[in-house]
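Residue numbers begin at 1 in each chain, while the letters A, B, ... track the order of the sequences.
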Amino acid sequence: MTTTLPTAPTGPGHPQPFTGTRTLGEPGQIDAEGVCAWFGGRLVLETVNLTMEQSKVTALIGPSGCGKSTFLRILNRMHEVVPGAQLAGSVKLDGVDIYGPGQRAMETRRHIGMVFQKPNPFPAMTIAENVLAGLKFSRSTPGDKDDLVQEALTKAGLWNEVKDRLGELGGALSGGQQQRLCIARSLAVRPRVLLMDEPCSALDPTSTLRIEQTIKEIADEVTVVIVTHNMQQAQRVSDYCAFFLAAENQPGRVIEAGRTEMIFGEPTDQRTFDYVNGQFG
Amino acid sequence: MIADGTTQSAPEGVLVTTTSASTQSAPVHEPRPPGPPPSGEFPESPAPPRPRRLPSPIRPGAFGAEDATILVGAAVSALCLVWIVFYQLTSLSGGLGFLICWYLAFLGLTWLGTAQVIERQVATDRVVAVVVVSAAALVIGIIIFIVAWVTYKAVPTIHWAALFTKDQKSFQLAESNALDHVGILHAVIGTFEQVLLAVAIGVPFAVATAIYLNEVRGFGSRTVRTVVTAMSGTPSVVAGVFIYSMLILTHVISYSGFAASLALVVILLPSVTRVVEEVLRVVPSGLREASQALGAPEWRTVWSVVLPTARSGVVTAVLLGIARIVGETAPLLFTAVGSQVLNLNPLSGDQGALPLVIWSDVRQPNAVLIDLAFQAAFVLMAFVLILFVLARIFSRPKGKGGKGRARPEEDDLMARFFVPIPIEESESR
Amino acid sequence: MAIDLDLAPRRPQAPAPTPITVTRDYSTPDKVFRWGVQASGLGVFLLLVAIGSFLAWSGWPAFKVAGWGFFTHSGPVLVGSHANFGVLASLTGTVEVAFVAMVFGAPVAICTALFLSEYAPLRSRRSLIAMIDLAAAIPSIIFGLWAFFELQPNVVGLSTWMSRHLAFIPFFKVTSPPLNASIFIAGLVVGIMIVPIVASICREVFSLAPAGEREAALALGASRWQMIRTVVLPFGRGGMIGAVMLGLGRALEETIAVTIILAGSYKVTGQILQHGGSTISQLIAINFNQSGGALGVHDLLLCGFVLFLLTLVINLAASAIVNRSRSGAGVDL
Ligand SMILES: Nc1ncnc2c1ncn2[C@@H]1O[C@H](COP(=O)(O)OP(=O)(O)OP(=O)(O)O)[C@@H](O)[C@H]1O
Ligand SMILES: [Mg+2]
């Protein structure tokens, strides 16, 4: 990579977050310990302990409503955006609790990026502006904007399709292209972890394959956590897998977690076996 | 939200049952003994539930003690700074100017402080939040201030017995020049009659127009919708001048309470129409189809199905309509003119009204009349407040029983009444 | 793929069906009903036409006398043996009051709307919205009363300060004190009165800003304000413009509050801080009872017509803009 790394803004007395050995832009490891979540006083997620390995792809699977998205959003402090949402437990990025004192949500979200189910580029911005939006928020100035745009779009597998139309509006792309633009936008701030909430569920098979390819390519630069309902996709892209389940009127829990081959090949729990084999009912 | 008892809510320290803890804490990369267990040998269903204590939920806030310290510090230092500059250096006077200077200094110091201690991005965010919150606080503060101020000015001097039983006739006799001899009876009666007539004329007209716009959708309803929007912006003074030029100048009718109610109809009509239309729009179309499927003619469908369903919304519209016109002053100047004495007949002769009493008495060089003006203002305001609260009660869904009822967002109804929010083209049903 | 779905055996001799048009046949009561509501719709339409045409018709004699001088003169102007009337001072005064009102009212209203849609805690949001709506329900004469007794004495100090230190701006120059009963103070009151209107519409438009883009901005590390600036404000721009225009329409027509504050004068003035000024509606309100003097009834009715046209145009344009932005189409200006 030729561009200079944008660095986290620091001011005098500014609490230095994530003082692990790695800096912004290198893949990080997330340890979630005892994570619980509530919506309006209703417990929806109970005591989740999960480690998301550095530079690996972790897939979260499970039936609808079992709290996968909730858990994912807790990992980058997006949960607290919802009114009435509460949580407990700790989430450590390279050993530093992102919910610890002095940690700011904005700062955390710059280190732990997120891609949503529905593509959501900023429609009033051009493609290039979309890619650079995150940097504008943190007021960091990349060495060379054009290089950074190209790099991020290349990593997201979109560069060849849009290199001649960087000045067009972000809303003018197809759904699959928009989703890759969102991935590029997240990558441009050089997060250490990228969270993806069903990134392909609104896309056609070709776009899905492109994005899966992208995930594999970026995995050595950024730790990826992906929620998916597609078992084949989980098998294709992930190194580790965690199975969430919520019994009726019960909060969601992690039933089983481990290497993907294990979860799909030789699960220890009957329910996991049923789910990954499509016998869930 | 699920209401039955199986759901676990989590107040602090509540005991919750959980499935086997061992499966939850499985480290992701824990090595497993080789060899696939045959599917029959899975451990039997989860271990028996064990009561366990959940941690208490938190809502991570962005605002901590440090931030509060910065704000308080900025406020205090701004006070000192402005005091020095304002009084010592530029020798200014006036509380408002001081407040404005302090506020600007406070904003600046908050920004500097936050940028110094935290970072610039947070500083800008914080300053904007302070500006937004203080703007809203200013508006709400002014409203509360006005209501409290009118009450404070009026209530101590009120002679309740005289207020609603006497007019201002006796004021002309010098010896009874006191608050226990004058009242606003003439104005209350005048306003009552004018508003009643305006509602009696305007509301059926408005409801019929709303039905035309939403139920019948006849020829030209688009144009009429635009016209209703345009009319809701008609200046109230123009409404009065219009009735004057059309009816009084041409000697069709004379100055009277009735002329005033016609002017009020011009103001009432578009507002009630738009709210009733809004209410009719959310009547489920299934109800209409059910009625039509039973063979009911269209008028019966509207009369027996649509209107009853929308009844509380129509009541809201009428209440708000009254609140809207009861305080109008400008149109009355050219129609009812105002009077010092009681005139029971709305059809002829000048007639008093609450706004007109305020308008004319407050400019008299006489303490008694000014007090009376404030009392009239208090009565007017209290009336508007009561109507407003009643309207809110009527537009609120009534618990579970209100489920099937058709009601638009209560807030939107309120807003639409006083605010000329344009009516959307409704989607075809 | 070309799949022939027409698998059913068809008898070749079956005649092709002819489409029939279902015409609704209304019964007599229904006809009466439809006729009735159509008539009331037509009535509303005619009412607006009547307002415009009666005002134009009764203002015409004044216009015949004054000619286009009506728009270029101020106050009663002696021409030959009779006094002509010109609306210029009132027209500029109206615009000045509205301008001051918008300068103060619009930012406060937009901030209030942002507060209601973005900052206010969910639990208290409804009651806060009700408070703002209540402000729209308070009669303008009460605002006027309050402004006259409470606001004006405080603002005069501010006016003095501005006239002393900001006199390099031509508007703030003062040549003839006192500084009460000024266009500036009238504008301030009207500014307060338009807040609920502008805030209500803006709040509605802001709350329609897409949640996906809001979350996208936050997830990229935007602060709340940065999120508002990148997502909410661009999305709500059209609605904001429309709302401010509707507020402007309201500011142009405000009668009683302005009349209570503003001391009448027929001079065109740009010096908004000093005593005296005139707006069209104030002119109508204070001169009506003395009609028959220098100002004829027809002059006032012509003024009413001008005000009617002014607000009609602004309100229609504003409604169109708000409706477009609500449908998500955005505005290009
Ligand atoms: N904003 C919210 N307010 C209240 N409850 C919510 C909210 N969002 C989610 N929930 C509840 O939390 C639980 C978990 O939801 P979550 O979205 O995490 O499920 P999920 O596993 O992502 O499902 P899916 O696969 O369908 O996306 C559900 O029972 C849901 O009803
Ligand atoms: Mg989900």
Side-chain angles (χ1 to χ4, degrees), chain B residues 92-97 121 124-125 128 131-133 135-136 139-140 142-143 146 149-150 205 208-209 211-212 216 218 224 227-231 233 235 237-238 241-242 245-246 249 297-299 323 327 329-330 333-334 355 358-359 377 380-381 384 388 411 414-415 418-422 424, chain C residues 27 29-30 33-34 36-38 40-41 44-45 48 51 54-55 58 108 111-112 114-115 119 129 131 133-137 139 141-142 145-146 150 154-155 157-158 161 192 195 197 200-201 223-225 246 249 253 255-256 281 284-285 288 301 304 307-308 311-312 315-316 319 322-323 326:
Chain B
L92 292 166
S93 61
L96 200 60
Q121 188 192 5
T124 314
D125 187 46
V128 172
V131 169
V132 164
V133 171
V139 174
I140 289 171
I142 288 178
I143 298 161
I146 291 179
W149 178 77
V150 171
F205 199 180
T209 307
I211 290 173
Y212 164 72
V216 175
V224 171
V227 165
V228 169
T229 305
M231 255 181 83
V237 65
V238 165
V241 167
F242 159 66
S245 77
M246 187 172 86
L249 199 60
E298 193 169 12
W299 69 272
T329 319
L333 292 173
F334 323 111
I358 307 172
W359 168 243
L380 182 61
M381 199 184 65
V384 170
F388 195 81
D411 300 333
M414 297 288 175
F418 294 98
V419 174
I421 299 176
E424 283 163 275
Chain C
S27 62
D30 257 3
F33 165 75
R34 292 180 73 88
V37 295
Q38 293 226 9
S40 83
V44 174
F45 179 75
L48 189 78
I51 295 176
F54 265 99
L55 290 178
S58 26
V108 171
C111 285
T112 307
L114 276 181
F115 175 76
Y119 288 83
I129 290 173
M131 288 285 277
D133 290 344
L134 177 65
I141 190 156
I142 289 180
L145 215 57
W146 171 78
E150 290 295 317
N154 284 305
V155 172
L158 182 69
W161 185 83
I192 294 170
V195 164
I197 293 179
S200 262
I201 303 171
S223 65
R224 175 147 49 176
W225 165 237
L246 282 172
E253 62 127 324
T255 311
I256 285 298
S281 51
I284 300 172
F288 195 81
L301 293 175
L307 184 61
F308 171 72
T311 49
L312 188 70
N315 279 315
L316 279 181
S319 308
V322 173
N323 257 349
R326 251 202 306 229

Checking B/F242 now: which residues fulfil ring pair (Phe, Tyr, Trp, His ring centres under 6.0 Å) with it, not counting sequence neighbours?
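Checked B/F242 against ring pair (Phe, Tyr, Trp, His ring centres under 6.0 Å); zero matches.
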Under a 4.5 Å heavy-atom cut-off, does chain B meet the side chain of [X], its backbone, both or neither?
X      : result
C/I51  : both
C/F308 : both
C/L145 : both
C/V195 : side chain

[X] and [Y]: which non-hydrogen atoms are nearest, and at how many Å?
X      : Y      : result
B/I143 : C/A135 : CD1-CB, 3.3 Å
C/G304 : B/V238 : O-CG2, 3.6 Å
B/Y212 : C/Q38  : CD1-CA, 3.7 Å
B/I140 : C/M131 : CG2-CE, 3.6 Å
C/S319 : B/T229 : OG-CG2, 3.1 Å
C/L55  : B/S245 : CD2-OG, 4.1 Å

With the side chain counted from C-beta on, respond yes when [X] and [Y] share a heavy-atom pair under 4.5 Å apart, and no when they do not.
X      : Y      : value
B/T329 : C/P139 : no
C/S223 : B/T124 : no
B/L380 : C/I141 : yes

Has the side chain of B/D125 got a donor or acceptor atom that lies under 3.5 Å from a matching backbone atom of C/W225?
yes
What's the separation between atom [atom1] in [X] and atom [atom2] in [Y], rounded to the nearest 0.5 Å?
X      : Y      : atom1 : atom2 : result
C/N315 : B/M231 : CG    : CE    : 12.0 Å
C/T255 : B/L333 : OG1   : CG    : 8.5 Å
B/I211 : C/F33  : CD1   : CZ    : 5.0 Å
C/I256 : B/I358 : CD1   : CD1   : 10.0 Å

Given heavy-atom pairs under 4.5 angstrom as the criterion, report whether the side chain, backbone, both or neither of B/V150 touches chain C.
side chain
B/V139 portion near chain C, given a 4.5 angstrom heavy-atom threshold:
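Only the side chain of B/V139 comes within 4.5 Å of chain C.
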Please lay out, stage by stage, how B/V128 and C/Y119 fare under the test side-chain contact (heavy atoms from CB on, under 4.5 Å).
CA-CA 11 Å; B/V128 172; C/Y119 288 83; 3.8 Å; yes
For B/T209, give me all partners under side chain to side chain donor-acceptor pair (under 3.5 Å), at least two apart in sequence or on another chain.
C/S40
Evaluate the side-chain contact (heavy atoms from CB on, under 4.5 Å) criterion for residues C/S58 and B/L249: first the C-alpha distance (whole Å), next the side-chain angles of each, then the deciding distance (0.1 Å), finally the verdict.
CA-CA 9 Å; C/S58 26; B/L249 199 60; 4.2 Å; yes
When only pairs under 4.5 Å are counted, which of C/I192, C/L307, C/L114 shares the most heavy-atom pairs with chain B?
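Among the listed options, the one with the most contacts to chain B is C/L307.
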